[in-house]
Amino acid sequence: MEYIKLQIGCLAIIFFIIFLYLREVGINKNRKEYSLFTSIYITAIMFIVFDGITSYTVNHLDTVSHQANIIFHLCYYICIQMLVFLMFLYILSITEGIPPKIWQKIFISLPFAISIIICFFLIDDIKFLQGSISNYSSGGSATSCYLIVILYFILTVATFYRHWKNIEKRKLVTIYVYLSVSMCVLLIQGFFPQILITSIVPVIFVLGIYLNHEEPAVKKITEFNKHTIVDFATLVENRDNNTGGHIKRTTAYVKILVDELRAKKLLNELLTKDFSNNLEMTAPLHDIGKIATPDAILQKPGKLTDEEYAEMKKHSENGAKIIKETFGKHGDEDFIEMAYQVALFHHEKWNGKGYPLGLKENEIPLCARIMAIADVFDAISQKRCYRDAMPLDTCFEIIEKGKGVDFDPLLVDVFLEIRPKVEQVYNEI
């Protein structure tokens with residue numbers, strides 16, 4: 001027990017997290033969205049188990065056979081590398097996204113695969129050395145393992161710091177903690193290999209991502225909030241005789257456009273998973289300011305006068321004000337700020353001739369530039385009280401002509417590329 005007390009405590013924490021997780025998710029439910037986290041906590045269990053086994057066997061060389069020691073250490077080295085590799089994939093998934101192409105996945109996995117092969121070939125050369133606190137292992141396989149851990153940890157930290165500004169603030173502290181703890185353990189093990197404390201890493205990592213990213217209760221609350229926002233926005237939209245179709249379609253257009261940008265690794269420093277989720281939740285609120293627009297203007301069958309149009313344009317500023325006052329106590333600063341920007345700036349134009357502030361190009365927040373394309377496309381492709389719907393070909397032509405004038409050129413190019421997906425949404429909703 002002397003050498004495995006830490007591992008037993010770490011396993012207890014891991015199993016408690018798993019109990020909470022399975023209680024909410026259910027054992028027999030097939031949830032693809034949890035697959036990466038599932039891989040992480042299974043690897044974490046294996047990591048701690050083999051860490052405990054090797055901590056015991058390396059200090060009982062007189063009673064444990066050399067061959068058994070070799071096998072246990074090989075399993076332990078594999079688990080260490082696997083966990084750090086999965087940590088890298090997880091940070092990728094919540095920032096720029098895991099690369100979609102096979103060759104890209106092979107590229108980022110290649111160092112891990114090579115190191116595993118090296119460990120297999122060099123494991124017979126392992127040495128067990130005596131330390132003042134504990135015995136420990138050394139040799140080519142241990143060195144290869146340590147180097148690959150350093151490589152993927154550096155890649156993880158670099159990816160995180162490249163995108164940290166667009167990760168929700170409430171999650172940043174936890175990520176800082178488990179990356180900092182991992183770095184400290186990595187340094188301690190490098191300089192003092194006899195101090196066997198590596199089991200701390202999987203516990204902090206699993207606990208951190210569970211509390212801030214994967215807790216089912218949080219996901220349920222988020223889903224409830226999303227439905228509440230859509231229902232609230234639909235009530236406002238019903239005032240101009242719309243049944244909520246505009247909200248559903250524009251939100252769908254926003255989502256497929258963002259998904260394509262992430263798949264193509266475009267603007268990936270900004271388009272984190274949190275950014276995408278927040279934009280999908282805030283998109284329904286873009287016209288919330290119309291609640292303050294008089295019915296006579298919203299439902300007017302003919303062209304608006306200059307005075308009426310000036311009143312209509314106030315909906316963007318009214319919307320921003322309503323969001324600050326209504327959702328200001330929501331508690332999620334990132335969500336509130338994005339909702340505010342979407343409502344206030346979705347009528348700004350790339351050439352600076354939009355409203356309310358006449359912003360141009362990259363002065364316009366990305367979320368509003370994306371929303372602008374979705375909003376205009378749906379507005380011209382649907383029937384309104386003052387005109388009929390335009391043919392789809394004409395709608396896409398209008399978006400294309402607005403490239404570099406009304407809309408961000410890059411976003412227009414990608415929107416035109418996803419035309420089949422846009423048409424599918426148009427036909428389904």
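For the atom pair T156 OG1 and I175 CD1, the distance stands at 11.5 Å (nearest 0.5 Å).
Among the candidates T198, I197, V203, the single residue satisfying the side-chain contact (heavy atoms from CB on, under 4.5 Å) test with I200 is I197.
In this structure, E361 contributes its side chain and N351 its backbone to no donor-acceptor pair below 3.5 Å.
Closest non-hydrogen pair, T251 versus A283, comes out as OG1-CB, 3.9 Å. When all heavy atoms of L266 and L410 are compared, the closest pair comes out as CD1-CD1, 4.0 Å. Across every non-hydrogen atom of Y41 and I18, the tightest pair is CD1-CD1, 3.7 Å.
Applying the ring-ring contact (aromatic ring centres under 6.0 Å, His included) test to pairs two or more places apart or on separate chains, those with a residue in residues 102-127 are F85-F112.
Taking the six-membered ring for Trp and the full ring otherwise, F415 and F377 have centroids separated by under 6.0 Å. The distance between the ring centers of F37 and Y90 does not fall below 6.0 angstrom. Aromatic rings of F275 and H163 (six-membered ring for Trp) have centroids beyond the 6.0 Å cut-off, not under it.
Using a 4.5 Å heavy-atom threshold, the side chains of H66 and I70 count as touching. The closest side-chain heavy-atom distance from H73 to T57 is below 4.5 Å. When side chains are defined from C-beta on, S182 does not count as touching I204, because their heavy atoms never get closer than 4.5 Å.
Heavy-atom contacts from other residues, nucleotides or ligands closer than 6.0 Å to CD of Q194 number more than 12. Counting heavy atoms of neighbouring residues, nucleotides and ligands inside a 6.0 Å radius, atom NZ of K265 exceeds 12 of them. Within 6.0 Å of CD on Q130 lie no more than 12 heavy atoms contributed by other residues, nucleotides or ligands.
Listed by chain and number, the residues in a ring-ring contact (aromatic ring centres under 6.0 Å, His included) with F205 are Y178 (sequence neighbours excluded). Residues that satisfy the side chain to side chain contact (heavy atoms under 4.5 Å, CB included) test with V84, not counting sequence neighbours, are V149, Y152. Here C79 pairs with M46, F47, F50 under the side chain to side chain contact (heavy atoms under 4.5 Å, CB included) rule; sequence neighbours left out. Among residues two or more places apart in sequence or in another chain, the side chain to side chain contact (heavy atoms under 4.5 Å, CB included) test is passed with S55 by Y3, Q7, D51, L196. H347 is linked by a ring-ring contact (aromatic ring centres under 6.0 Å, His included) to H315, Y355, counting only residues two or more places apart in sequence or in another chain.
A salt bridge is defined here as a Lys NZ or Arg NE, NH1 or NH2 lying under 4.0 Å from an Asp or Glu carboxylate O, and K324 with E337 meets this definition. With salt bridges taken as basic N to acidic carboxylate O contacts below 4.0 Å, none links K248 and D378.
Between the side chains of Y76 and S137, no donor-acceptor pair is found at a separation under 3.5 Å.
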